[in-house]
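Along the sequence shown, residues carry numbers from 1. The figures here come from the full heavy-atom set of this structure, side chains too, leaving out hydrogens, waters and symmetry mates.
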Amino acid sequence: MLVHPPVSGAWREGDHPGRRQWITLRAPLPLEAGGELPGVRIAYETWGTLRVEENGASNAVLVLHALTGDSHVAGPAGPGHPTPGWWEPLIGPCRALDPQRWFVVAPNIVGGCQGSTGPSSAAPDGRAWGSRFPLITVRDTVAAETELADALGIDRWACVVGGSMGGMRALEWAACAPHRVDRLFLLACTAAASADQIGWAAPQLAAIRADPGWCGGDYHSLPPGAGPHAGLGIARRMAHLSYRSGYELATRFGRAAQDGEDPWRGGRYAVESYLDHHASKLVRRFDAGSYVRLTELMNAHDVGRGRGGVTAALRRISARTLVAGVSSDRLYPLEQQAELAAGIPDAAELRVIDSPYGHDGFLVEAQTVSALLADLLAS
């Protein structure tokens with residue numbers, strides 16, 4: 001029986017909440033690009049128990065996800081959570097983020113699709129925001145997460161952690177509110193999006209917008225099988241190629257045909273089947289509108305905007321900082337992490353994660369990442 005993909009893989013009101021909790025911002029969120037976003041809700045998950053000292057220091061650690069991540073950092077797939085935790089080896093007994101010691105907070109980004117306000121969620125008129133959802137920036141998301149921290153009683157984070165888009169958010173936290181971040185762990189990210197990164201994103205956005213099911217961004221009321229799932233799948237294929245290294249793809253797949261298929265007679269190569277698999281998974285757990293808006297958010301990322309440039313912005317950061325990059329990352333190359341490590345006053349020497357997995361190494365090499373984080377938290 002043919003099972004149509006959903007019009008959106010977003011979490012919707014009425015779905016099982018899973019481990020999520022929510023806060024609603026007290027006032028509309030002012031936006032860096034102009035205007036404001038009313039009725040913002042942030043979905044988040046926590047592990048452990050908060051402890052706050054008299055001087056305001058806490059045991060709270062903020063973990064920030066990448067483009068298609070969410071609040072479900074650890075835990076099994078199940079009701080409300082279509083996939084298991086994306087950084088499972090970091091949280092748990094005797095791990096870097098042991099809930100007996102640390103209070104871990106992981107929010108779904110504003111603009112996302114797994115419980116926080118985004119294009120798939122209801123606007124004040126009851127209809128999905130869709131095309132009306134505004135451009136948001138990394139700085140806007142930090143402003144929203146600041147209110148989350150306040151609501152939880154957290155004046156200062158013991159550490160802010162993020163990789164890729166999450167690293168952009170972590171960097172902005174440390175630049176926006178230096179007094180609220182004790183330690184900073186940046187992985188596979190950059191101070192400002194480069195022309196190459198914006199260029200990689202451009203055909204992905206074009207693929208989604210060219211899909212007839214995009215409907216200008218207003219597709220959320222359509223039935224299963226409709227919507228821009230084909231365009232989103234193509235975008236995911238392109239992105240995934242940038243996330244992995246050519247070496248890994250060559251050694252893993254080479255020129256092999258997919259089992260039982262002949263590429264000379266309409267069949268696929270094994271690497272094509274691999275990309276098809278990742279595309280199919282994403283359209284069932286993510287929203288095309290969020291993919292567009294969050295990709296635009298990453299394109300707009302520049303920690304130096306309005307701060308006298310990148311060099312001046314990095315000097316604002318007072319947190320003890322550890323920056324790590326992946327040796328084979330062709331999307332966020334090591335020179336970008338080297339710039340961060342050299343420019344942040346209290347940053348240690350750049351750590352290089354030796355991995356064949358490309359940009360995704362910051363997720364795949366979770367044991368190495370966990371060890372680096374443990375070292376930073378012990379400092």
Legend entry - Same cluster (ILVMFWY, side-chain, under 4.5 Å), I23 and V142: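 I23 and V142: one cluster.
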Legend entry - Same apolar cluster (I L V M F W Y, side chains within < 4.5 Å links), I344/V161: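 They do not share one cluster, since no chain of ILVMFWY contacts under 4.5 Å joins I344 to V161.
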Inset, instruction - Give a yes or no on whether the backbone of D140 and the side-chain of T137 come within a donor-acceptor separation of less than 3.5 Å. - result: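 Yes, T137 side chain to D140 backbone: donor-acceptor pair under 3.5 Å.
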Legend entry - Exam field: side chain D211 to backbone I208, donor-acceptor pair closer than 3.5 Å: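 Answer holds: no.
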For a 4.5 angstrom cut-off between non-hydrogen side-chain atoms, does [X] reach [Y]?
X	Y	answer
D346	L184	no
T295	L297	no
L148	I42	yes

Inset, instruction - Not counting sequence neighbours, which residues clear ring pair (Phe, Tyr, Trp, His ring centres under 6.0 Å) with W214? List them please. - result: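 Only Y219 meet the ring pair (Phe, Tyr, Trp, His ring centres under 6.0 Å) criterion with W214.
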Inset, instruction - Apply side-chain contact (heavy atoms from CB on, under 4.5 Å) to the pair L372 and L322, showing each step before the final yes or no. - result: CA-CA 8 Å; L372 291 173; L322 182 59; 3.9 Å; yes
If the condition is salt bridge (charged side-chain N to carboxylate O under 4.0 Å, His left out), which residues does [X] pass it with, not counting sequence neighbours?
X	result
R307	E172
D182	R156
R244	E248, D360
R285	none

Legend entry - Sequence neighbours excluded, every pair satisfying salt bridge (charged side-chain N to carboxylate O under 4.0 Å, His left out) that has a member inside residues 288-297: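 Of all non-adjacent pairs touching residues 288-297, those that pass salt bridge (charged side-chain N to carboxylate O under 4.0 Å, His left out) are R209-E296, R293-E296.
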Inset, instruction - For P17, enumerate each residue passing the side chain to side chain contact (heavy atoms under 4.5 Å, CB included) test, keeping only those at least two apart in sequence or located in another chain. - result: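 P17 satisfies side chain to side chain contact (heavy atoms under 4.5 Å, CB included) with W22 once adjacent residues are dropped.
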Residues [X] and [Y] bridged, charged N to O under 4.0 Å:
X	Y	answer
E272	R237	no
D150	R180	yes
E45	R20	no
R127	D218	no
R132	D125	yes

Inset, instruction - For residues 75-119, pull every pair meeting ring-ring contact (aromatic ring centres under 6.0 Å, His included), keeping only residues two or more places apart or in separate chains. - result: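 Listed by first then second residue: H72-H81.
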Inset, instruction - Would you list the pairs meeting ring-ring contact (aromatic ring centres under 6.0 Å, His included) in which at least one residue belongs to residues 175-196, sequence neighbours left out? - result: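 Output for this query is empty, none listed.
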Inset, instruction - Any chance you could pull the hydrophobic cluster mates of M238, using side-chain heavy atoms under 4.5 angstrom and chaining through other members? - result: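 The other cluster members (ILVMFWY side chains, heavy atoms under 4.5 Å, direct or chained) are I234.
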Inset, instruction - Please go through L241's hydrophobic cluster and name the other residues, only I, L, V, M, F, W, Y counting, with side-chain heavy atoms under 4.5 Å joining them. - result: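 So far as hydrophobic clustering goes, L241 is joined with L249, F253, W264, Y269, V271, Y274, L275.
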Table please: side-chain donor-acceptor pairs of residues 331-341 below 3.5 Å, with sequence neighbours left out.
unit_1, atom_1, unit_2, atom_2, d
Q336, OE1, Q197, NE2, 2.8
Q337, NE2, C189, O, 2.9
Q337, NE2, Y332, O, 3.3
Q337, NE2, P333, O, 3.4

